[in-house]
Amino acid sequence: MAVVGSGPAGFYTASRVIQNAPSLKGKPSVHVDMFELLPAPFGLVRYGVAPDHPEVKNVEHKFTEMMDSDKFRFFGNVRIGDGGIPLDSLREHYDAVVLSYGAGHDRVLGIPGEDLHGVYSARSFVGWYNGHPDFLDLNPRLDGDTAVVIGQGNVALDVARILLTDVDVLRKTDITEYALEALSRSKIRKVHVVGRRGPLNVAFTSKELREMMTLPGVGFEPVDPTTLQSPELKDKRPLRRLMDLIAKGSKTPMSDTRKSWQLDFLRSPAEICASPANASHVGSIRYDINELKDNKAVKIGRTATQNTDLVFRSVGYKAEPITTSGLPFDQQKAIIPNDSGRIAQGIYTSGWVKRGPTGVIASTMYDAFETADRILYDYEERDTNSTIKPDILPLLKDIHYVTSSDWKEIDRVERERGSALGKEREKIASVRGMLALVGK
Ligand code: FAD
Ligand code: NAP
(Lines give C-alpha, C1' and ligand atoms only; values in the text may rest on other atoms or scores of the structure.)
(Ligands and ions follow the chains in the order given, each with its own letter.)
Protein backbone atom coordinates (compact mmCIF):
# COMPACT_ATOMS: atom_id res chain seq x y z
CA MET A 1 0.00 0.00 0.00
CA ALA A 2 1.21 3.54 -0.74
CA VAL A 3 0.23 6.45 1.47
CA VAL A 4 0.52 10.02 0.15
CA GLY A 5 1.09 12.45 3.04
CA SER A 6 2.59 11.84 6.48
CA GLY A 7 0.13 13.73 8.68
CA PRO A 8 -2.10 12.02 11.24
CA ALA A 9 -4.43 10.72 8.50
CA GLY A 10 -1.60 8.94 6.68
CA PHE A 11 -0.08 7.45 9.82
CA TYR A 12 -3.36 6.32 11.38
CA THR A 13 -4.50 4.71 8.10
CA ALA A 14 -1.16 2.91 7.72
CA SER A 15 -1.00 1.68 11.32
CA ARG A 16 -4.57 0.34 11.34
CA VAL A 17 -4.02 -1.55 8.05
CA ILE A 18 -0.69 -3.04 9.18
CA GLN A 19 -2.14 -3.96 12.56
CA ASN A 20 -5.33 -5.61 11.31
CA ALA A 21 -4.17 -7.20 8.04
CA PRO A 22 -2.64 -10.31 9.69
CA SER A 23 -6.09 -11.33 10.87
CA LEU A 24 -7.13 -11.81 7.24
CA LYS A 25 -6.66 -15.55 6.64
CA GLY A 26 -4.65 -16.61 3.60
CA LYS A 27 -3.59 -13.10 2.66
CA PRO A 28 0.03 -11.98 2.38
CA SER A 29 1.04 -9.43 5.01
CA VAL A 30 0.77 -5.77 4.13
CA HIS A 31 3.70 -3.44 3.51
CA VAL A 32 3.33 0.33 3.45
CA ASP A 33 5.39 2.96 1.63
CA MET A 34 4.64 6.53 2.76
CA PHE A 35 5.44 9.50 0.49
CA GLU A 36 5.81 12.97 1.95
CA LEU A 37 6.36 16.22 0.07
CA LEU A 38 8.62 17.64 2.81
CA PRO A 39 11.76 16.00 4.19
CA ALA A 40 10.17 15.91 7.68
CA PRO A 41 7.11 13.83 8.59
CA PHE A 42 3.96 14.48 10.69
CA GLY A 43 2.16 17.19 8.65
CA LEU A 44 0.26 19.68 10.79
CA VAL A 45 1.38 18.01 14.01
CA ARG A 46 4.81 19.47 13.28
CA TYR A 47 3.80 22.50 11.19
CA GLY A 48 0.35 23.48 12.53
CA VAL A 49 -0.11 22.60 16.22
CA ALA A 50 0.94 25.57 18.33
CA PRO A 51 4.41 25.38 19.94
CA ASP A 52 2.91 26.04 23.40
CA HIS A 53 0.77 22.87 23.07
CA PRO A 54 3.56 20.26 23.34
CA GLU A 55 1.27 17.60 24.81
CA VAL A 56 -0.67 17.46 21.51
CA LYS A 57 2.54 16.49 19.71
CA ASN A 58 2.88 13.31 21.80
CA VAL A 59 1.17 11.45 18.94
CA GLU A 60 4.51 11.73 17.16
CA HIS A 61 5.84 8.95 19.46
CA LYS A 62 3.33 6.47 18.05
CA PHE A 63 4.04 7.59 14.50
CA THR A 64 7.78 7.22 15.11
CA GLU A 65 7.24 3.61 16.25
CA MET A 66 5.48 2.99 12.94
CA MET A 67 8.50 4.41 11.07
CA ASP A 68 10.67 1.76 12.78
CA SER A 69 8.48 -1.13 11.59
CA ASP A 70 9.96 -3.54 9.04
CA LYS A 71 6.61 -3.36 7.23
CA PHE A 72 6.98 0.38 6.63
CA ARG A 73 9.21 2.65 4.52
CA PHE A 74 9.25 6.46 4.62
CA PHE A 75 10.10 8.50 1.52
CA GLY A 76 10.33 12.17 2.53
CA ASN A 77 11.03 14.98 0.04
CA VAL A 78 8.91 13.18 -2.60
CA ARG A 79 5.97 14.98 -4.17
CA ILE A 80 3.22 12.85 -5.61
CA GLY A 81 1.14 14.31 -8.44
CA ASP A 82 1.58 17.64 -10.19
CA GLY A 83 5.30 18.33 -10.67
CA GLY A 84 6.30 15.08 -8.95
CA ILE A 85 5.78 11.32 -9.35
CA PRO A 86 2.56 10.96 -11.39
CA LEU A 87 -0.24 9.33 -9.46
CA ASP A 88 -0.79 6.82 -12.29
CA SER A 89 2.83 5.61 -11.98
CA LEU A 90 2.36 5.22 -8.25
CA ARG A 91 -0.79 3.18 -8.77
CA GLU A 92 1.08 0.74 -11.03
CA HIS A 93 3.37 -0.13 -8.10
CA TYR A 94 0.80 -0.78 -5.36
CA ASP A 95 -2.43 -2.68 -4.71
CA ALA A 96 -3.84 0.30 -2.84
CA VAL A 97 -2.95 4.00 -2.80
CA VAL A 98 -4.25 6.27 -0.03
CA LEU A 99 -4.46 10.01 -0.67
CA SER A 100 -4.06 11.70 2.70
CA TYR A 101 -2.32 14.86 1.56
CA GLY A 102 -4.37 17.23 3.71
CA ALA A 103 -5.54 20.74 2.90
CA GLY A 104 -2.38 22.68 2.05
CA HIS A 105 -3.99 25.85 0.66
CA ASP A 106 -6.02 28.81 2.00
CA ARG A 107 -9.59 29.84 1.76
CA VAL A 108 -9.60 33.47 0.71
CA LEU A 109 -12.02 36.31 1.43
CA GLY A 110 -12.16 37.48 -2.19
CA ILE A 111 -12.24 41.18 -1.27
CA PRO A 112 -10.18 44.16 -2.50
CA GLY A 113 -6.91 44.76 -0.67
CA GLU A 114 -6.30 41.15 0.35
CA ASP A 115 -2.87 41.26 -1.31
CA LEU A 116 -1.61 44.40 0.51
CA HIS A 117 1.57 44.10 2.60
CA GLY A 118 0.66 43.32 6.19
CA VAL A 119 -2.16 40.94 5.21
CA TYR A 120 -1.25 37.33 5.94
CA SER A 121 -3.06 34.04 5.88
CA ALA A 122 -3.09 32.32 9.26
CA ARG A 123 -1.64 29.29 7.44
CA SER A 124 1.47 31.25 6.43
CA PHE A 125 1.91 32.87 9.88
CA VAL A 126 1.46 29.51 11.65
CA GLY A 127 3.85 27.88 9.15
CA TRP A 128 6.36 30.67 9.75
CA TYR A 129 6.52 30.38 13.55
CA ASN A 130 6.52 26.55 13.26
CA GLY A 131 9.45 26.39 10.80
CA HIS A 132 7.60 25.27 7.63
CA PRO A 133 10.08 25.58 4.73
CA ASP A 134 7.55 27.45 2.53
CA PHE A 135 7.23 30.34 5.00
CA LEU A 136 10.79 30.85 6.19
CA ASP A 137 10.96 34.25 4.52
CA LEU A 138 7.52 35.53 5.54
CA ASN A 139 9.05 38.11 7.84
CA PRO A 140 5.72 39.44 9.13
CA ARG A 141 5.70 43.13 10.07
CA LEU A 142 4.97 43.28 13.77
CA ASP A 143 5.87 46.93 14.24
CA GLY A 144 2.32 48.27 14.55
CA ASP A 145 0.04 48.48 17.56
CA THR A 146 -3.07 46.64 16.38
CA ALA A 147 -3.74 43.32 14.64
CA VAL A 148 -7.03 42.01 13.27
CA VAL A 149 -7.68 38.28 12.92
CA ILE A 150 -10.60 37.44 10.63
CA GLY A 151 -12.41 34.25 11.69
CA GLN A 152 -13.31 32.88 15.11
CA GLY A 153 -11.97 29.31 14.99
CA ASN A 154 -9.21 27.66 17.02
CA VAL A 155 -6.58 28.68 14.45
CA ALA A 156 -7.59 32.33 14.95
CA LEU A 157 -7.06 31.90 18.72
CA ASP A 158 -3.67 30.24 18.09
CA VAL A 159 -2.60 33.29 16.07
CA ALA A 160 -3.91 35.74 18.68
CA ARG A 161 -2.28 33.81 21.54
CA ILE A 162 1.13 33.68 19.84
CA LEU A 163 0.94 37.44 19.20
CA LEU A 164 0.06 38.21 22.83
CA THR A 165 2.06 35.63 24.82
CA ASP A 166 5.17 36.79 26.65
CA VAL A 167 8.19 35.70 24.56
CA ASP A 168 9.87 34.32 27.67
CA VAL A 169 7.06 31.77 27.87
CA LEU A 170 7.44 30.91 24.17
CA ARG A 171 11.21 30.65 24.54
CA LYS A 172 10.81 27.26 26.27
CA THR A 173 8.71 25.82 23.44
CA ASP A 174 9.85 24.49 20.06
CA ILE A 175 8.93 27.76 18.31
CA THR A 176 11.68 28.67 15.83
CA GLU A 177 14.42 31.03 17.03
CA TYR A 178 13.84 33.46 14.13
CA ALA A 179 10.15 33.74 15.09
CA LEU A 180 11.08 34.32 18.73
CA GLU A 181 13.46 37.04 17.72
CA ALA A 182 10.80 38.77 15.58
CA LEU A 183 8.12 38.36 18.29
CA SER A 184 10.45 39.80 20.93
CA ARG A 185 10.53 43.02 18.85
CA SER A 186 6.75 42.99 18.24
CA LYS A 187 4.85 46.16 19.16
CA ILE A 188 1.41 44.53 18.86
CA ARG A 189 -0.66 45.44 21.92
CA LYS A 190 -4.22 44.90 20.74
CA VAL A 191 -5.71 41.93 18.86
CA HIS A 192 -9.26 41.91 17.48
CA VAL A 193 -10.69 38.46 16.67
CA VAL A 194 -13.52 39.18 14.26
CA GLY A 195 -16.54 37.00 13.36
CA ARG A 196 -19.17 37.50 10.69
CA ARG A 197 -21.83 35.99 12.95
CA GLY A 198 -22.65 36.25 16.67
CA PRO A 199 -21.18 34.87 19.92
CA LEU A 200 -23.33 31.74 19.72
CA ASN A 201 -21.73 30.89 16.36
CA VAL A 202 -18.05 30.95 17.32
CA ALA A 203 -16.05 27.96 16.07
CA PHE A 204 -13.38 27.89 18.80
CA THR A 205 -13.64 25.63 21.86
CA SER A 206 -13.64 26.16 25.64
CA LYS A 207 -10.14 24.91 26.42
CA GLU A 208 -8.60 27.26 23.87
CA LEU A 209 -10.77 30.21 24.98
CA ARG A 210 -9.86 29.61 28.65
CA GLU A 211 -6.18 29.81 27.70
CA MET A 212 -6.79 33.22 26.13
CA MET A 213 -8.62 34.42 29.23
CA THR A 214 -5.78 33.35 31.52
CA LEU A 215 -2.84 34.74 29.54
CA PRO A 216 -0.74 36.58 32.13
CA GLY A 217 -0.87 40.35 31.70
CA VAL A 218 -3.40 40.25 28.86
CA GLY A 219 -6.83 41.88 29.32
CA PHE A 220 -10.10 41.09 27.53
CA GLU A 221 -12.56 43.77 26.42
CA PRO A 222 -15.92 42.79 27.97
CA VAL A 223 -18.71 41.62 25.66
CA ASP A 224 -22.29 42.88 26.13
CA PRO A 225 -23.72 40.08 28.34
CA THR A 226 -27.18 40.28 26.74
CA THR A 227 -25.68 39.02 23.45
CA LEU A 228 -24.49 35.87 25.22
CA GLN A 229 -27.94 34.66 26.18
CA SER A 230 -30.36 32.52 24.21
CA PRO A 231 -33.06 29.94 25.01
CA GLU A 232 -31.14 27.42 22.86
CA LEU A 233 -28.33 27.35 25.47
CA LYS A 234 -30.57 25.35 27.79
CA ASP A 235 -29.87 22.10 25.88
CA LYS A 236 -26.32 22.91 24.73
CA ARG A 237 -23.91 22.48 27.59
CA PRO A 238 -20.59 23.05 25.72
CA LEU A 239 -21.95 26.25 24.14
CA ARG A 240 -23.27 27.42 27.52
CA ARG A 241 -19.82 26.89 29.02
CA LEU A 242 -18.30 28.88 26.19
CA MET A 243 -20.73 31.80 26.74
CA ASP A 244 -20.00 31.70 30.49
CA LEU A 245 -16.29 31.97 29.77
CA ILE A 246 -16.82 34.96 27.48
CA ALA A 247 -19.05 36.61 30.09
CA LYS A 248 -16.49 36.01 32.84
CA GLY A 249 -13.67 37.45 30.71
CA SER A 250 -10.10 37.80 31.93
CA LYS A 251 -8.87 38.26 35.49
CA THR A 252 -6.45 40.89 34.24
CA PRO A 253 -8.30 44.24 34.43
CA MET A 254 -8.07 46.29 31.24
CA SER A 255 -6.86 49.26 33.31
CA ASP A 256 -3.81 47.28 34.53
CA THR A 257 -2.46 46.16 31.23
CA ARG A 258 -1.01 47.34 27.96
CA LYS A 259 -1.87 44.16 26.05
CA SER A 260 -5.44 43.07 25.37
CA TRP A 261 -7.73 41.34 22.93
CA GLN A 262 -11.37 41.44 22.03
CA LEU A 263 -14.03 39.53 20.15
CA ASP A 264 -15.90 41.56 17.52
CA PHE A 265 -19.11 40.11 16.14
CA LEU A 266 -21.44 40.52 13.15
CA ARG A 267 -18.78 42.00 10.89
CA SER A 268 -17.90 40.75 7.39
CA PRO A 269 -14.74 42.19 5.85
CA ALA A 270 -15.67 44.15 2.72
CA GLU A 271 -12.34 45.83 1.87
CA ILE A 272 -8.82 45.99 3.23
CA CYS A 273 -7.61 49.56 2.68
CA ALA A 274 -4.09 50.91 2.21
CA SER A 275 -2.47 53.09 4.82
CA PRO A 276 -2.45 56.84 3.92
CA ALA A 277 1.27 56.83 4.80
CA ASN A 278 2.16 53.78 2.65
CA ALA A 279 -0.01 52.84 -0.31
CA SER A 280 1.26 49.25 -0.44
CA HIS A 281 0.60 48.51 3.25
CA VAL A 282 -2.65 47.84 5.10
CA GLY A 283 -3.95 50.77 7.17
CA SER A 284 -7.56 49.89 7.88
CA ILE A 285 -10.34 47.41 7.23
CA ARG A 286 -13.92 48.17 6.24
CA TYR A 287 -16.65 45.83 7.41
CA ASP A 288 -20.24 45.27 6.39
CA ILE A 289 -22.30 45.15 9.58
CA ASN A 290 -24.53 42.07 9.75
CA GLU A 291 -27.53 40.78 11.59
CA LEU A 292 -28.37 37.13 12.06
CA LYS A 293 -31.26 35.58 10.13
CA ASP A 294 -31.73 31.81 10.61
CA ASN A 295 -28.15 31.73 11.91
CA LYS A 296 -26.85 33.26 8.68
CA ALA A 297 -25.02 36.61 8.48
CA VAL A 298 -27.09 39.13 6.52
CA LYS A 299 -25.82 42.65 5.72
CA ILE A 300 -27.92 45.46 7.16
CA GLY A 301 -26.58 48.13 4.77
CA ARG A 302 -24.21 49.82 7.24
CA THR A 303 -20.43 49.71 7.30
CA ALA A 304 -17.74 50.36 9.89
CA THR A 305 -14.04 51.08 9.39
CA GLN A 306 -11.32 50.12 11.81
CA ASN A 307 -7.66 51.13 11.70
CA THR A 308 -5.19 48.26 11.86
CA ASP A 309 -1.54 47.57 11.15
CA LEU A 310 -1.90 43.87 10.38
CA VAL A 311 -4.61 41.53 9.14
CA PHE A 312 -4.56 37.75 9.51
CA ARG A 313 -7.08 35.84 7.45
CA SER A 314 -8.07 32.76 9.45
CA VAL A 315 -11.13 31.50 7.58
CA GLY A 316 -10.02 27.93 7.03
CA TYR A 317 -7.63 25.76 5.04
CA LYS A 318 -8.48 24.26 1.65
CA ALA A 319 -7.52 21.10 -0.27
CA GLU A 320 -6.77 21.15 -3.99
CA PRO A 321 -7.06 18.28 -6.47
CA ILE A 322 -4.07 16.55 -8.03
CA THR A 323 -5.00 17.93 -11.44
CA THR A 324 -3.25 15.25 -13.49
CA SER A 325 -4.88 12.38 -11.62
CA GLY A 326 -8.16 12.26 -13.52
CA LEU A 327 -9.87 11.62 -10.18
CA PRO A 328 -13.09 13.41 -9.29
CA PHE A 329 -12.89 16.47 -7.01
CA ASP A 330 -15.75 18.33 -5.36
CA GLN A 331 -14.72 21.99 -5.84
CA GLN A 332 -17.54 23.25 -3.63
CA LYS A 333 -16.55 21.23 -0.56
CA ALA A 334 -12.87 21.00 -1.61
CA ILE A 335 -12.73 17.25 -0.98
CA ILE A 336 -12.26 14.09 -3.02
CA PRO A 337 -15.69 12.42 -3.22
CA ASN A 338 -15.51 8.97 -1.63
CA ASP A 339 -17.51 6.14 -0.16
CA SER A 340 -16.24 5.52 3.41
CA GLY A 341 -12.77 6.44 2.11
CA ARG A 342 -12.90 4.50 -1.18
CA ILE A 343 -12.55 6.67 -4.30
CA ALA A 344 -12.35 3.88 -6.92
CA GLN A 345 -10.75 0.47 -7.35
CA GLY A 346 -7.37 0.54 -5.54
CA ILE A 347 -7.51 4.21 -4.55
CA TYR A 348 -8.62 5.64 -1.20
CA THR A 349 -8.54 8.83 0.81
CA SER A 350 -8.40 9.86 4.48
CA GLY A 351 -8.11 12.98 6.63
CA TRP A 352 -8.76 16.59 5.66
CA VAL A 353 -8.70 15.93 1.90
CA LYS A 354 -11.39 13.29 2.45
CA ARG A 355 -13.75 15.20 4.71
CA GLY A 356 -12.72 18.89 4.66
CA PRO A 357 -10.40 21.03 6.81
CA THR A 358 -12.07 20.71 10.19
CA GLY A 359 -11.58 18.40 13.13
CA VAL A 360 -8.87 17.70 15.65
CA ILE A 361 -6.31 14.89 15.53
CA ALA A 362 -8.71 12.49 17.28
CA SER A 363 -11.42 13.02 14.65
CA THR A 364 -8.81 12.56 11.92
CA MET A 365 -7.85 9.27 13.58
CA TYR A 366 -11.44 7.92 13.50
CA ASP A 367 -11.76 9.05 9.93
CA ALA A 368 -8.50 7.28 8.98
CA PHE A 369 -9.69 4.10 10.72
CA GLU A 370 -12.85 4.14 8.60
CA THR A 371 -10.71 4.29 5.44
CA ALA A 372 -8.37 1.55 6.72
CA ASP A 373 -11.33 -0.73 7.46
CA ARG A 374 -12.64 -0.14 3.94
CA ILE A 375 -9.20 -1.00 2.48
CA LEU A 376 -9.06 -4.22 4.53
CA TYR A 377 -12.59 -5.15 3.53
CA ASP A 378 -11.76 -4.73 -0.18
CA TYR A 379 -8.48 -6.63 0.29
CA GLU A 380 -10.23 -9.55 1.92
CA GLU A 381 -12.87 -9.71 -0.81
CA ARG A 382 -10.38 -9.56 -3.68
CA ASP A 383 -8.34 -12.25 -5.41
CA THR A 384 -4.75 -11.49 -4.42
CA ASN A 385 -2.95 -13.57 -7.09
CA SER A 386 -2.21 -10.44 -9.05
CA THR A 387 -0.62 -8.52 -6.19
CA ILE A 388 3.07 -8.91 -7.08
CA LYS A 389 4.09 -5.40 -8.04
CA PRO A 390 7.43 -3.86 -9.08
CA ASP A 391 9.34 -2.02 -6.33
CA ILE A 392 9.10 1.78 -6.51
CA LEU A 393 12.84 2.35 -5.89
CA PRO A 394 13.94 2.57 -9.57
CA LEU A 395 11.40 5.35 -10.08
CA LEU A 396 12.95 7.33 -7.19
CA LYS A 397 16.56 6.99 -8.36
CA ASP A 398 16.94 10.69 -9.24
CA ILE A 399 15.24 12.00 -6.10
CA HIS A 400 17.08 12.83 -2.87
CA TYR A 401 14.52 11.10 -0.72
CA VAL A 402 14.65 11.03 3.07
CA THR A 403 14.33 7.62 4.75
CA SER A 404 13.19 6.77 8.29
CA SER A 405 16.82 6.60 9.43
CA ASP A 406 17.63 9.94 7.76
CA TRP A 407 14.69 11.45 9.66
CA LYS A 408 16.06 9.99 12.91
CA GLU A 409 19.29 11.86 12.29
CA ILE A 410 17.49 15.15 11.51
CA ASP A 411 15.37 14.65 14.63
CA ARG A 412 18.47 13.94 16.74
CA VAL A 413 20.23 17.10 15.55
CA GLU A 414 17.11 19.24 16.08
CA ARG A 415 16.81 17.96 19.65
CA GLU A 416 20.50 18.53 20.27
CA ARG A 417 20.27 22.13 19.00
CA GLY A 418 17.10 22.62 21.04
CA SER A 419 18.70 21.30 24.21
CA ALA A 420 21.54 23.84 23.87
CA LEU A 421 18.81 26.55 23.84
CA GLY A 422 16.81 25.07 26.73
CA LYS A 423 13.96 23.84 24.55
CA GLU A 424 12.55 20.56 23.17
CA ARG A 425 13.97 21.08 19.67
CA GLU A 426 15.15 23.76 17.30
CA LYS A 427 13.66 22.91 13.93
CA ILE A 428 15.76 22.99 10.80
CA ALA A 429 13.41 25.01 8.65
CA SER A 430 14.97 24.84 5.19
CA VAL A 431 14.67 21.82 2.91
CA ARG A 432 18.28 22.28 1.88
CA GLY A 433 19.39 22.35 5.54
CA MET A 434 17.58 19.09 6.32
CA LEU A 435 18.91 17.34 3.21
CA ALA A 436 22.47 18.55 3.75
CA LEU A 437 22.41 17.09 7.24
CA VAL A 438 21.87 13.60 5.81
CA GLY A 439 24.30 14.08 2.92
CA LYS A 440 21.67 14.58 0.21
P1 FAD B 1 -1.98 17.12 7.41
O2 FAD B 1 -1.63 17.05 8.84
O3 FAD B 1 -1.99 18.45 6.75
O4 FAD B 1 -0.97 16.17 6.59
C5 FAD B 1 -0.91 16.14 5.19
C6 FAD B 1 0.53 15.84 4.74
O7 FAD B 1 0.54 15.62 3.32
C8 FAD B 1 1.50 17.00 4.98
O9 FAD B 1 2.65 16.53 5.64
C10 FAD B 1 1.85 17.50 3.57
O11 FAD B 1 3.16 18.04 3.46
C12 FAD B 1 1.71 16.22 2.76
N13 FAD B 1 1.48 16.46 1.32
C14 FAD B 1 0.73 17.44 0.76
N15 FAD B 1 0.74 17.32 -0.58
C16 FAD B 1 1.51 16.25 -0.88
C17 FAD B 1 1.92 15.65 -2.10
N18 FAD B 1 1.50 16.11 -3.29
N19 FAD B 1 2.75 14.57 -2.05
C20 FAD B 1 3.17 14.09 -0.85
N21 FAD B 1 2.81 14.62 0.33
C22 FAD B 1 2.00 15.69 0.32
N23 FAD B 1 -5.69 19.23 16.26
C24 FAD B 1 -5.59 18.90 17.57
O25 FAD B 1 -6.07 17.81 17.96
N26 FAD B 1 -4.96 19.71 18.47
C27 FAD B 1 -4.37 20.88 18.09
O28 FAD B 1 -3.81 21.61 18.92
C29 FAD B 1 -4.45 21.25 16.71
N30 FAD B 1 -3.88 22.39 16.30
C31 FAD B 1 -3.99 22.75 14.99
C32 FAD B 1 -3.40 23.95 14.58
C33 FAD B 1 -3.53 24.37 13.27
C34 FAD B 1 -2.91 25.67 12.83
C35 FAD B 1 -4.23 23.56 12.34
C36 FAD B 1 -4.38 24.01 10.91
C37 FAD B 1 -4.81 22.36 12.74
C38 FAD B 1 -4.69 21.94 14.06
N39 FAD B 1 -5.25 20.74 14.51
C40 FAD B 1 -5.14 20.39 15.82
C41 FAD B 1 -5.96 19.84 13.58
C42 FAD B 1 -5.03 18.71 13.05
O43 FAD B 1 -3.79 19.27 12.73
C44 FAD B 1 -5.68 18.02 11.82
O45 FAD B 1 -6.86 17.36 12.25
C46 FAD B 1 -4.78 16.97 11.16
O47 FAD B 1 -3.45 17.39 11.04
C48 FAD B 1 -5.28 16.61 9.74
O49 FAD B 1 -4.49 15.55 9.29
P50 FAD B 1 -4.17 15.21 7.76
O51 FAD B 1 -3.22 14.06 7.79
O52 FAD B 1 -5.43 15.08 7.00
O53 FAD B 1 -3.44 16.51 7.15
P1 NAP C 1 -12.84 26.67 11.55
O2 NAP C 1 -12.96 26.05 12.88
O3 NAP C 1 -13.68 26.12 10.45
O4 NAP C 1 -13.12 28.25 11.71
C5 NAP C 1 -13.17 29.09 10.60
C6 NAP C 1 -13.71 30.46 11.01
O7 NAP C 1 -13.65 31.30 9.86
C8 NAP C 1 -15.17 30.45 11.47
O9 NAP C 1 -15.34 31.37 12.52
C10 NAP C 1 -15.92 30.92 10.21
O11 NAP C 1 -17.14 31.57 10.49
C12 NAP C 1 -14.93 31.93 9.67
N13 NAP C 1 -15.15 32.21 8.26
C14 NAP C 1 -15.17 31.36 7.23
N15 NAP C 1 -15.36 32.02 6.07
C16 NAP C 1 -15.46 33.33 6.39
C17 NAP C 1 -15.64 34.52 5.63
N18 NAP C 1 -15.76 34.48 4.30
N19 NAP C 1 -15.70 35.70 6.28
C20 NAP C 1 -15.58 35.76 7.63
N21 NAP C 1 -15.38 34.67 8.40
C22 NAP C 1 -15.33 33.47 7.79
O23 NAP C 1 -11.34 26.57 10.96
P24 NAP C 1 -9.90 26.77 11.65
O25 NAP C 1 -9.92 27.76 12.73
O26 NAP C 1 -9.00 26.94 10.46
O27 NAP C 1 -9.62 25.33 12.31
C28 NAP C 1 -9.56 24.13 11.52
C29 NAP C 1 -9.73 22.91 12.41
O30 NAP C 1 -8.54 22.69 13.18
C31 NAP C 1 -10.88 23.06 13.40
O32 NAP C 1 -11.59 21.85 13.50
C33 NAP C 1 -10.17 23.36 14.69
O34 NAP C 1 -10.89 23.00 15.85
C35 NAP C 1 -8.89 22.56 14.55
N36 NAP C 1 -7.87 23.15 15.43
C37 NAP C 1 -7.83 22.70 16.71
C38 NAP C 1 -6.97 23.30 17.61
C39 NAP C 1 -6.96 22.82 19.02
O40 NAP C 1 -7.53 21.77 19.32
N41 NAP C 1 -6.31 23.53 19.92
C42 NAP C 1 -6.15 24.36 17.21
C43 NAP C 1 -6.23 24.81 15.90
C44 NAP C 1 -7.11 24.20 15.01
P45 NAP C 1 -18.56 30.89 10.13
O46 NAP C 1 -18.82 29.91 11.23
O47 NAP C 1 -19.49 32.04 10.09
O48 NAP C 1 -18.37 30.21 8.78
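Whatever order the structure lists ligands and atoms in, that order sets their numbers, starting from 1.
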Handout entry: Test of proximity, Gly151 against ligand 2: N or O pairs below 3.5 Å
Key = no
Completion exercise
For atom 4 (O) of ligand 2, the closest protein heavy atom turns out to be Gly153 CA, 3.6 Å
Exercise for the section: Please write down residue, atom name and distance for the protein heavy atom closest to atom 28 (C) of ligand 2. Expected result: Pro357 O, 3.4 Å
Handout entry: Numbered atoms and elements of ligand 1 in range of Val126, under 4.0 angstrom, heavy atoms
Key = 34 (C)
Exercise for the section: May I ask you to list the atoms of ligand 1 that are less than 4.0 angstrom from any heavy atom of Asp158? Expected result: 32 (C)
Exercise for the section: Identify the protein heavy atom lying closest to atom 2 (O) of ligand 2, giving its residue, its atom name and the separation to 0.1 Å. Expected result: Ala203 CB, 3.6 Å
Handout entry: Check: Phe63 ring centre within less than 6.0 Å of Tyr12 ring centre
Key = yes
Problem - Is_contact(atom 29 (C) of ligand 1), protein non-hydrogen, under 4.0 Å - result: yes
Completion exercise
Heavy-atom proximity to atom 48 (O) of ligand 2, picking from Arg123, Glu208, Arg196, Arg107, points to Arg196
Handout entry: Numbered atoms of ligand 1 (with element) below 4.0 Å of Gly5, judged on heavy atoms
Key = 6 (C), 7 (O), 12 (C), 21 (N)
Problem - Within-cutoff protein neighbour (heavy atom, under 4.0 Å) for atom 10 (C) of ligand 2 - result: no
Fill in the blank from the handout: For atom 31 (C) of ligand 2, the closest protein heavy atom turns out to be Gly359 N, 3.8 Å
Problem - N-O pairing of Glu208 and Arg161 below 4.0 Å - result: no
Exercise for the section: Below 4.0 angstrom from a heavy atom of Phe35, which ligand 1 atoms are there? Numbered from 1 as shown, please. Expected result: 20 (C), 21 (N)
Exercise for the section: Provide the number and element of each atom of ligand 1 under 4.0 Å from a heavy atom of Gly351. Expected result: 52 (O)
Exercise for the section: Could you tell me how the ring of Trp407 sits relative to the ring of Phe42: parallel (under 30°), tilted (30 to 60°) or perpendicular (over 60°)? Expected result: perpendicular
Exercise for the section: Determine, counting only non-hydrogen atoms of the protein, whether one lies under 4.0 angstrom from atom 39 (N) of ligand 1. Expected result: no
Exercise for the section: Could you tell me the residue and atom name of the protein heavy atom closest to atom 26 (O) of ligand 2, and the distance to it rounded to 0.1 Å? Expected result: Val155 CG2, 3.4 Å
Problem - Row check, Tyr94 ring normal vs Lys389 NZ/CZ: under 6.0 Å, within 45° - result: no
Fill in the blank from the handout: shortest atom 22 (C) of ligand 2-to-protein heavy-atom contact is with Val315 CG1, 3.4 Å
Practice task
May I ask you to check if ligand 2 and Arg197 share an N or O to N or O distance below 3.5 Å?
Solution key: yes
Exercise for the section: Have a look at ligand 2 and work out which part of Tyr287, if any, has a heavy atom under 4.0 Å from it: side chain, backbone, both or neither. Expected result: neither
